[in-house]
Amino acid sequence: MADLHQILFNMHIMYSLALGVWAAYMASRQVQISGHYWGAVVTYALLGGLTLLVGLALLLTGSQPRSGRVVVYVLYMLWLAIIMPGLFSLMSGRDDKRAALAYALLAFFNFTTSLSMLERELVGPWVTPT
């Protein structure tokens, strides 16, 4: 299950980067955010939630990230799962150039946050403490 978690988290990282590039492209072209992008945001949130659920299942089986910072892991994963839909709510569904720029910045921030989590071993390797 640790391998599944790593695969999902890697997908989440790449998806963050893709959403950032896509939103930056829309902002640079000054086009409205499309329904396809909103669907991708929902997919992003579901992927983050699924990754968190697999991580919680690993925690319940007694495993934990090597860093041992379980609370930090859970808080970061909650952030990654809810922030994009949260931004949609905060912006009241705006779909103009500034909204696209906000989504691009948030997606790039999430990308770098996820890379930081990898570097600090917050998402693996998973070990069973003795």
Side-chain angles (χ1 to χ4, degrees):
M1 193 169 338
D3 290 337
L4 175 61
H5 182 273
Q6 192 61 47
I7 290 168
L8 290 171
F9 193 76
N10 289 342
M11 287 172 53
H12 193 268
I13 291 172
M14 292 297 110
Y15 211 81
S16 297
L17 180 61
L19 283 178
V21 169
W22 190 2
Y25 175 77
M26 287 187 291
S28 71
R29 304 275 300 170
Q30 298 185 5
V31 297
Q32 290 184 330
I33 298 174
S34 68
H36 298 291
Y37 191 82
W38 297 131
V41 168
V42 170
T43 303
Y44 176 85
L46 292 173
L47 181 59
L50 180 61
T51 306
L52 175 60
L53 287 176
V54 171
L56 291 175
L58 282 165
L59 291 171
L60 290 174
T61 62
S63 295
Q64 67 181 23
R66 183 184 297 169
S67 68
R69 296 183 288 179
V70 173
V71 173
V72 176
Y73 164 78
V74 171
L75 289 174
Y76 269 109
M77 288 308 301
L78 282 171
W79 163 270
L80 292 172
I82 65 172
I83 193 59
M84 290 293 261
L87 181 60
F88 178 83
S89 178
L90 286 172
M91 297 189 79
S92 302
R94 285 181 40 197
D95 62 356
D96 57 357
K97 175 186 173 185
R98 287 187 182 206
L101 186 58
Y103 278 98
L105 291 173
L106 180 59
F108 289 135
F109 177 79
N110 288 347
F111 172 73
T112 58
T113 299
S114 298
L115 289 178
S116 172
M117 289 174 69
L118 271 178
E119 186 177 307
R120 293 181 290 141
E121 296 184 338
L122 289 175
V123 292
W126 291 79
V127 297
T128 304
T130 54

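No hydrogens, no waters, no symmetry mates; every other heavy atom, side chains included, goes into these values.
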Looking only at non-hydrogen atoms, find the nearest pair between [X] and [Y] and report the distance.
X     : Y      : answer
Pro85 : Ala45  : CG-CB, 3.6 Å
Ala23 : Ala100 : CB-O, 3.4 Å
Ala24 : Ala104 : N-CB, 3.5 Å

Is there side-chain contact between [X] and [Y], with heavy atoms separated by less than 4.5 Å?
X      : Y      : result
Phe111 : Leu19  : no
Pro65  : Arg69  : no
Gln6   : Leu118 : yes
Phe9   : Leu80  : yes
Trp79  : Asn110 : yes

[atom1] of [X] to [atom2] of [Y]: how many Å apart, nearest 0.5 Å?
X      : Y      : atom1 : atom2 : answer
His36  : Met26  : NE2   : CE    : 10.5 Å
Arg66  : Trp126 : CZ    : CH2   : 13.0 Å
Thr51  : Leu47  : OG1   : CG    : 4.5 Å
Asp3   : Leu8   : CG    : CG    : 11.0 Å
Ile83  : Phe109 : CD1   : CZ    : 9.0 Å
Glu119 : Thr112 : CD    : OG1   : 11.5 Å

Joint hydrophobic cluster, [X] plus [Y], side-chain heavy atoms closer than 4.5 Å:
X      : Y      : answer
Met11  : Met117 : yes
Leu105 : Phe88  : no
Met91  : Phe108 : yes
Leu106 : Leu17  : yes
Leu101 : Val21  : no

Return yes if some donor-acceptor pair links the side-chain N/O of Tyr15 with the main-chain N/O of Val41 below 3.5 Å, else return no.
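Not a single qualifying donor-acceptor pair exists.
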Return the orientation label for the Tyr103 and Trp38 ring planes: parallel under 30°, perpendicular over 60°, tilted otherwise.
perpendicular
Is the Tyr73 to His5 ring centre distance short of 6.0 Å?
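Yes, close enough.
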Between Arg98 and Asp96, does any side-chain N to carboxylate O distance fall below 4.0 Å?
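Looking at Arg98 and Asp96, the cut-off is not met.
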